[in-house]
A.B. asks: 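Could you have a look at this structure, given as structure tokens, before my questions?
Below, chain A is the first sequence line, B the second, and so on; all start at residue 1. Hydrogens, waters and symmetry mates are skipped; everything else that's a heavy atom, side chains included, is used.
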There are 4 protein chains.
Amino acid sequence: MEIFESDAYQAVLEAVEKAEGRMAPKKRLAVLAALDCFAEYGYDGTSTKLIAERAGIAEATIFRHFPSKRDLLLRIAAPVVRHILTPAASREATELARQHAGEPRLILREVMLSRLHFMRVYEPLVKIVLQEILVNQDLRAIFEREVGGLFQQIAPIVAMFGPKTDLDRERFFRILGGLLLGYHLQRTLVSPDHGWSDEEEVDFMVGLIFDGLNATT
Amino acid sequence: MEIFESDAYQAVLEAVEKAEGRMAPKKRLAVLAALDCFAEYGYDGTSTKLIAERAGIAEATIFRHFPSKRDLLLRIAAPVVRHILTPAASREATELARQHAGEPRLILREVMLSRLHFMRVYEPLVKIVLQEILVNQDLRAIFEREVGGLFQQIAPIVAMFGPKTDLDRERFFRILGGLLLGYHLQRTLVSPDHGWSDEEEVDFMVGLIFDGLNATT
Amino acid sequence: MEIFESDAYQAVLEAVEKAEGRMAPKKRLAVLAALDCFAEYGYDGTSTKLIAERAGIAEATIFRHFPSKRDLLLRIAAPVVRHILTPAASREATELARQHAGEPRLILREVMLSRLHFMRVYEPLVKIVLQEILVNQDLRAIFEREVGGLFQQIAPIVAMFGPKTDLDRERFFRILGGLLLGYHLQRTLVSPDHGWSDEEEVDFMVGLIFDGLNATT
Amino acid sequence: MEIFESDAYQAVLEAVEKAEGRMAPKKRLAVLAALDCFAEYGYDGTSTKLIAERAGIAEATIFRHFPSKRDLLLRIAAPVVRHILTPAASREATELARQHAGEPRLILREVMLSRLHFMRVYEPLVKIVLQEILVNQDLRAIFEREVGGLFQQIAPIVAMFGPKTDLDRERFFRILGGLLLGYHLQRTLVSPDHGWSDEEEVDFMVGLIFDGLNATT
DNA sequence: GATGAATGAGGTTTCATTCAT
DNA sequence: TATGAATGAAACCTCATTCAT
């Protein structure tokens, strides 16, 4: 139970409550336990019985609040993707661009660090989304729409970094996503005990992005 | 059935047969169908009944050839990761480095294109491994060992690209992996209809890696 | 909701209120919705959740007013069978026999029409009783007792139609019941769109009963 | 188990096997137990667990042979209604009409006795069909089509009994059905201990039908 | 009087796996 | 080698019912 009090879980809970409204106590427990189990065993590898046990509630209680297991997944994952990813990311990027106007390296650095922080906070959910997005059409659709929207909103900022055509801006945006995802997977899944310093790694990546290997190393 | 004749499936089949020896016809069908289903629905989302139906064989026949469903997964995924990923990749990288000695950009370009080609050929398997690696300890262990080994073997080539310390070489290796994975997911999962040109995308990435944004665009 | 205002439902409601006393508004809604659902899906095929939804009330409200689902069924079905079937039928038959003394054909005709009218009015309940009587001992007991009592009370009228022995009177009574039930099922369940004229059908049946096929047709 | 050896169950089994082909032993047991339970408790009142227990097989075995509980019901009830009711009844009626040509009373008597015998033999199934027909659209559709077909085939025989118009023939056919059903319900459900003599009851009914009450009693 | 929340028991169905043939 | 038949365990979900508010 105490696990549930970590930042990672509270952040997801808040996002879900933004969509569901104030939730009954046992409904909250169901959400937290589901989040925990899905992240650990995957959606299909998690039984509703397990969720109920981990939440300390009756299995039937889950179904009072969510019509189906699939629905439970979507009602947990969607709000984070929907309400947090796009608006928060674009608002933040805009703000950072304003603060550090004229210093693109700093902007990029801060944006990357903030996105990595976000992924850390929502770590279990990132894992779930990553897993399910490969097989779940609904989740994929939500994700694609949001990412598309995000790009539209921060394209001007991307432009500040140099890419002159729309195509190149898209490429840069994609590459940035790939870099962040790749690094996040490394630090959380592949080598969680490596003693990562986000700052150092981001500095390396920013250097690479702006100056290339030749200048960097 | 005809789906099974695509390159993607034949390549996996070959890899599996390298480990299993020549397989009985229905065993091959089982492997192909399992590959297909796992890629579409994930391991847990696939029932042995579904595999049997898609293979046009009896469910029991699967268990004649594989002691369990989990074993079926590993005996499909492991050989590709084990026998193909590391030796093939390192041999190929070495060969390319020799061919284009003194032209690091060309080496990187060819290595990236070749790795992307490999991921395309083994597309369903890449999807399966990606999904299962998040929850399956066995597969994760195999994967990590292989990737570690691969780095050891091609570290000298990485060094040719500039990074001077071991730490920086690891970083570069990781970043490269992230870029390739990110791009592969884009072209196969997120926007499969986008009309991608691997050459152009790789050229952009190589440019970025060597010269950075400032010079590239 | 407006469905509930049909004669069929109001008649049952009245009968139930004769036993329950004036009912709270939501209790009435529960009764009406239960009647509706039981007739449509059968007792076992109806969940209390469905009843609550159709009534627009909370599931728990049903249990405020009725200790159990089974009780709900009996408290709806019993009054109609008990308070309406026997006394009303026998009173009416007696009255009709008095009115049309010496004209047995007319008496029978009016009795049959009136019973068919009754079954039409209580149509959903007839369906419920018919269904449940096949498996529900309680309801069967109530029904049998009432039908037995009814026969006792109208035996003299049956005698007017000709049957001389008790045995023959019983037979006639049974046959009459079979005819009415058979016709009612036809017009409501099997071919509800046939455009039935109760008068014409009853005239045919009365003709058959008194004169037989030879004379009738 | 021995219950299953009664004529009633063997007759249904035969009819089902005509549609299913030779059945595996446990499939037969499943059919017999389902028949038994449905007749006793109704479709919804019967759990698949109960069926399995009564059949002495595993619950999962039922679902190996029938995709769903609903399917099990239909695959038991439909063949009897479909393959037995219409062809058998019309063939038999035709044969009886030939045998007793010129003696309509005898024909009717024999037809009625034979239909009552049929209903006795298929008693559990008659009960199931009667119950389910009230709420199950599929079964109702099958039943209506068959009864319609039956009427078409034996209309000439009905004509022999007197009714001159098509409308009157239909009426007579319906009335006959009502009489038989009413009597069958009496003797099996309402008063099974009454000591019924089908012959005597049929004689009374035939008398009524041909001569009417006036002449009969 | 009414209800939202909760649940234990049980529903149908699916699962991976075994075995006789 | 291959399979049809079989199954115990467990899956997701629904049930009638209780209770605090």
A.B. asks: Using Watson-Crick and G-U wobble pairs whose two distances are both under 3.5 Å, how do you write the pairing of DNA chain F as dot-bracket, with | for links to another strand?
C.D. replies: .||||||||||||||||||||

A.B. asks: I need the CG-P distance between B/L50 and F/dA11, as an integer number of Å.
C.D. replies: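 Taking CG of B/L50 and P of F/dA11, I get 20 Å after rounding.
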
A.B. asks: Separation of A/R22 atom CZ from E/dG4 atom P, in whole Å?
C.D. replies: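 So the two atoms are 18 Å apart, to the nearest Å.
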
A.B. asks: Applying side-chain contact (heavy atoms from CB on, under 4.5 Å), can you list everything that pairs with B/E59, at least two apart in sequence or on another chain?
C.D. replies: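 B/T48, B/K49, B/A52, D/R64.
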
A.B. asks: Tell me: CD1 of A/I62 to C1' of F/dA11, nearest whole Å?
C.D. replies: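 Going from A/I62 (CD1) to F/dA11 (C1'), I get 13 Å.
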
A.B. asks: Do any pairs count as a salt bridge (charged side-chain N to carboxylate O under 4.0 Å, His left out) and have a residue in residues 127-143 of chain C, sequence neighbours left out, and if so which ones?
C.D. replies: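 Every salt bridge (charged side-chain N to carboxylate O under 4.0 Å, His left out) pair that includes a residue of residues 127-143 of chain C, provided the two are not neighbours, is C/R140-C/E144.
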
A.B. asks: How far apart are the closest heavy atoms of B/V80 and B/A15, and which atoms are they?
C.D. replies: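 The pair with the smallest heavy-atom distance is CG2-CB, 3.8 Å.
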
A.B. asks: Using the test side-chain hydrogen bond (donor to acceptor under 3.5 Å, both in side chains), find all partners of D/E40 that sit at least two apart in sequence or belong to another chain.
C.D. replies: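 Once residues adjacent in sequence are excluded, the partners of D/E40 under the side-chain hydrogen bond (donor to acceptor under 3.5 Å, both in side chains) criterion are D/R54.
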
A.B. asks: Holding to side-chain contact (heavy atoms from CB on, under 4.5 Å), I want the full list of residues that pass it with B/L32, two or more places apart in sequence or in another chain.
C.D. replies: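 For B/L32, the residues satisfying side-chain contact (heavy atoms from CB on, under 4.5 Å) (neighbours in sequence not counted) are B/F4, B/Y9, B/L13.
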
A.B. asks: Once you apply a heavy-atom cut-off of 4.0 Å, does B/K27 come out as touching a base, just sugar-phosphate, or nothing?
C.D. replies: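 If one applies the 4.0 Å heavy-atom cut-off, B/K27 turns out to touch nothing in the nucleic acid.
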
A.B. asks: Do the side-chain N or O atoms of D/K26 get closer than 4.0 angstrom to the phosphate oxygens (OP1, OP2) of F/dT7?
C.D. replies: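 Yes, D/K26 has a side-chain N/O under 4.0 Å of OP1/OP2 on F/dT7.
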
A.B. asks: Under the rule for side-chain contact (heavy atoms from CB on, under 4.5 Å), what residues qualify as partners of A/A34, not counting sequence neighbours?
C.D. replies: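 Scan of A/A34 (side-chain contact (heavy atoms from CB on, under 4.5 Å), adjacent residues dropped) gives A/F38, A/I51, A/L72, A/I76.
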
A.B. asks: When the nearest nucleotide of DNA chain E is assigned to B/R70 and to C/I57 on a heavy-atom basis, which residue is associated with the more 5' position?
C.D. replies: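 Checking each residue's closest nucleotide, the 5'-ward one belongs to C/I57.
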
A.B. asks: Can you list the residues that meet the side-chain hydrogen bond (donor to acceptor under 3.5 Å, both in side chains) rule with C/R28, with sequence neighbours excluded?
C.D. replies: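 Counting only residues at least two positions away or on another chain, C/R28 forms a side-chain hydrogen bond (donor to acceptor under 3.5 Å, both in side chains) with C/E17.
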
A.B. asks: For B/E59 and E/dT18, what is the distance between atoms CD and P respectively, to the nearest whole Å?
C.D. replies: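 One finds 12 Å between P of E/dT18 and CD of B/E59, rounded.
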
A.B. asks: Please state how far atom CG in A/L29 lies from atom P in E/dA5, giving the value in whole angstrom units.
C.D. replies: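 These atoms are roughly 14 Å apart.
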
A.B. asks: Relative to the 5' end of DNA chain E, which residue comes earlier, C/T61 or D/S68, by the nucleotide with the nearest heavy atom?
C.D. replies: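 Counting from the 5' end, the first nearest nucleotide belongs to C/T61.
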
A.B. asks: Assuming nearest nucleotide by heavy-atom distance, tell me which of C/P67 and B/A58 is located more 5' along DNA chain F.
C.D. replies: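 Between the two, 5'-proximity favours B/A58.
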
A.B. asks: Each nucleotide N or O in nucleotides 19-21 of chain F that has a protein N or O under 3.5 Å away: list the pair and distance.
C.D. replies:
none

A.B. asks: Give a yes or no on this: more than 12 heavy atoms of other residues, nucleotides or ligands lie within 6.0 Å of atom CZ of A/F143.
C.D. replies: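 It does not: A/F143 CZ has 12 such atoms or fewer within range.
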
A.B. asks: If only side-chain N and O atoms of A/H65 are considered, is one of them under 4.0 Å from the OP1 or OP2 phosphate oxygen of E/dG4?
C.D. replies: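 Negative; the distance criterion is not met.
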
A.B. asks: Mind checking side-chain hydrogen bond (donor to acceptor under 3.5 Å, both in side chains) for D/K69 and listing every partner two or more places apart, or none if nothing turns up?
C.D. replies: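 Here no residue qualifies.
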
A.B. asks: Would you say A/K69 reaches F/dC12's phosphate, i.e. side-chain N/O to OP1/OP2 under 4.0 Å?
C.D. replies: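 Yes, because at least one side-chain N or O of A/K69 sits under 4.0 Å from OP1 or OP2 of F/dC12.
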
A.B. asks: With sequence neighbours excluded, what pairs up with C/A19 under the side-chain contact (heavy atoms from CB on, under 4.5 Å) test?
C.D. replies: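 Scan of C/A19 (side-chain contact (heavy atoms from CB on, under 4.5 Å), adjacent residues dropped) gives C/P79, C/H83.
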
A.B. asks: Once you round it to whole Å, what is the distance between P of E/dA2 and CZ of C/F66?
C.D. replies: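 Checked: the CZ to P distance equals 12 Å.
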
A.B. asks: Whole angstrom is fine here: how far is it from CZ in A/F63 over to P in E/dG8?
C.D. replies: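 Atom CZ in A/F63 sits about 15 Å away from atom P in E/dG8.
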
A.B. asks: If I take atom CE in residue C/M23 and atom P in nucleotide E/dG1, what distance separates them, rounded to the nearest angstrom?
C.D. replies: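 It works out to 14 Å between those atoms.
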
A.B. asks: Counting only non-hydrogen atoms, which of residues 39-49 of chain B are less than 4.0 Å from DNA chain E?
C.D. replies: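 When residues 39-49 of chain B is checked for heavy atoms under 4.0 Å from DNA chain E, the hits, listed by number, are B/T46, B/S47, B/T48.
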
A.B. asks: Can you list everything that forms a side-chain hydrogen bond (donor to acceptor under 3.5 Å, both in side chains) with D/E14? Sequence neighbours excluded, please.
C.D. replies: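 With sequence neighbours excluded, D/E14 shows a side-chain hydrogen bond (donor to acceptor under 3.5 Å, both in side chains) to no residue whatsoever.
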
A.B. asks: With a 3.5 Å distance limit and no angle check, can you tell me whether C/T46 reaches the backbone of C/G42 through a side-chain donor-acceptor pair?
C.D. replies: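 Side chain of C/T46 to backbone of C/G42: a pair is present.
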
